[in-house]
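These notes are about the structure you will find just below.
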Amino acid sequence: MPAQISPSILAADFARLADEARAVDGADWLHVDVMDNHFVPNLTLGTPVVEALSRATGTPLDCHLMIEDPDRWAPQYVEAGAGSVTFHVEAAAAPVRLAREIRAKGARASMALKPGTPVEPYEDLLPELDMLLVMTVEPGFGGQAFLDIMLPKIRRTRQLIDKHGLEMWLQVDGGVSADTVERCAEAGADVFVAGSAVYGADDPAAAVRALRTQAEEAARRTSAG
Ligand SMILES: O=C(CO)[C@H](O)[C@H](O)COP(=O)(O)O
Ligand SMILES: [Fe+2]
């Protein structure tokens with residue numbers, strides 16, 4: 001699958017959200033970080049802002065829910081216009097039921113793992129998901145340094161996906177930049193969230209294209225052995 005880039009609106013100017021969403025036209029997704037001050041020590045936005053963003057941009061919304069009780073709230077993000085909804089397994093009471101509900105409502109269902117959460121216990125759940133998100137920082141804030149120690153988990157997750165012949169995507173989020181995107185792609189990631197690396201650039205749309213090219217070339221080099 002070609003590499004996909006999902007710029008994180010968390011690193012944008014929240015006073016100019018519509019313009020900032022359009023500044024990354026050409027991106028595959030727009031990553032929307034939802035934080036509730038409980039699952040993580042930060043508070044961002046909820047369904048009204050997701051609805052407004054979905055009216056403001058044609059780019060599909062990739063909602064990353066860092067919230068308690070996603071079983072209750074996640075379906076509302078599909079109704080608000082999200083094309084993909086990611087919940088954290090650490091917060092979900094019934095991840096399979098929730099993934100099925102997200103899919104039944106018409107969005108892609110995705111599950112996230114914090115850095116300390118292993119992937120292996122969830123091997124049997126993978127067919128229920130359209131994407132797995134391996135966090136490469138502790139969730140809660142943008143602009144943190146990429147955690148290299150997550151690379152083995154990305155590799156093991158890729159092996160599990162391939163072992164079961166699944167079509168699902170493998171997303172990485174946190175500290176992804178020109179310096180780290182290639183290592184993620186080599187390890188097997190194919191969807192790359194980038195906040196500061198995109199919105200901190202003079203030309204965010206060009207930064208998206210450059211990250212995609214870097215990721216695709218790294219993946220090609222890896223598969224050529
Ligand atoms: O989920 C997140 C933080 O919890 C963000 O998506 C992530 O931090 C992106 O920002 P950056 O690329 O600046 O690290
Ligand atoms: Fe995120």
Side-chain angles (χ1 to χ4, degrees), residues 3-14 17 20-21 23-24 27-46 49-50 53 59-68 70 73-74 77 82-92 107-117 130-151 153-154 169-185 189-202 204-205 207-208 210-212 214-215:
Q4 301 186 64
I5 308 296
S6 189
S8 171
I9 201 85
L10 185 62
D13 177 354
F14 272 28
L17 270 187
E20 295 280 70
V24 294
D28 302 278
W29 297 89
L30 186 68
H31 186 83
V32 183
D33 288 304
V34 178
M35 305 186 189
D36 69 347
N37 257 354
H38 292 274
F39 182 71
V40 290
N42 198 0
L43 180 68
T44 55
L45 51 88
V49 175
V50 172
L53 275 171
T59 307
L61 303 181
D62 162 31
C63 286
H64 175 194
L65 306 184
M66 287 161 273
I67 61 173
E68 297 289 359
W73 302 112
Y77 286 83
S84 174
V85 176
T86 300
F87 59 86
H88 269 266
V89 70
E90 302 87 356
R108 295 178 63 88
S110 162
M111 193 171 84
L113 308 176
K114 289 167 67 170
T117 305
D130 296 299
M131 183 167 82
L132 194 88
L133 164 53
V134 173
M135 290 300 299
T136 44
V137 297
E138 287 292 349
F141 301 93
Q144 301 181 74
F146 178 81
L147 292 174
D148 275 297
I149 52 170
M150 289 298 106
L151 289 167
K153 183 156 94 179
I154 300 168
W169 300 342
L170 173 50
Q171 185 177 60
V172 284
D173 181 12
V176 176
S177 68
D179 289 335
T180 57
V181 70
E182 293 179 14
R183 276 176 276 162
C184 294
D190 49 18
V191 186
F192 305 85
V193 176
S196 10
V198 168
Y199 281 104
D202 291 340
V208 167
L211 284 171
R212 192 189 283 124
Q214 268 189 290

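Throughout, numbering of the chain's residues begins at 1 and tracks the sequence. Counting convention: from 1, in listed order, for ligands and their atoms alike. FYI, side chains are in, hydrogens and waters are out, and symmetry mates aren't considered; it's all heavy atoms of this structure.
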Is the shortest heavy-atom distance from the side chain of [X] to the side chain of [Y] under 4.5 Å?
X    : Y    : value
V198 : V24  : yes
H64  : H88  : yes
N42  : F141 : yes
D173 : H31  : yes
Q4   : D190 : no
L133 : L113 : no
C63  : V50  : yes

In [X], the N, O or S atom nearest to the Fe ion (ligand 2) is which?
X    : value
D173 : OD2
H64  : ND1
D33  : OD1

Worksheet item: After noting the C-alpha distance and the side-chain angles of D28 and R212, does the key distance pass the salt bridge (Lys or Arg N to Asp or Glu O under 4.0 Å) rule?
Response: CA-CA 10 Å; D28 302 278; R212 192 189 283 124; 3.0 Å; yes
Report yes if [X] has an N/O atom closer than 3.5 Å to an N/O atom of ligand 1; otherwise report no.
X    : result
F141 : yes
D33  : yes
G195 : yes
D173 : yes
G175 : yes
G174 : no
G140 : yes

Discussion item. Testing the 3.5 Å rule here: is there a donor-acceptor pair between the side chains of D33 and S8?
Written reply: yes
What atoms of ligand 1 come closer than 4.0 angstrom to any heavy atom of [X]?
X    : result
G142 : 8 (O), 10 (O), 13 (O)
P139 : 4 (O)
G143 : 11 (P), 13 (O), 14 (O)
H64  : 1 (O)
H31  : 6 (O)

Worksheet entry | Parallel, tilted or perpendicular: rings of W169 and W29 (30°, 60°) | perpendicular
Discussion item. Using a 4.0 Å heavy-atom cut-off, which part of A194 comes near ligand 1: side chain, backbone, both, or neither?
Written reply: backbone
Discussion item. Looking only at protein heavy atoms, which one is nearest to atom 13 (O) of ligand 1, and what is the separation?
Written reply: S196 OG, 2.3 Å
Discussion item. Below 4.0 Å from ligand 1: does a non-hydrogen atom of A197 turn up there or not?
Written reply: no
Worksheet item: Are R108 and D62 close enough for a salt bridge, meaning some N to O gap below 4.0 Å?
Response: no
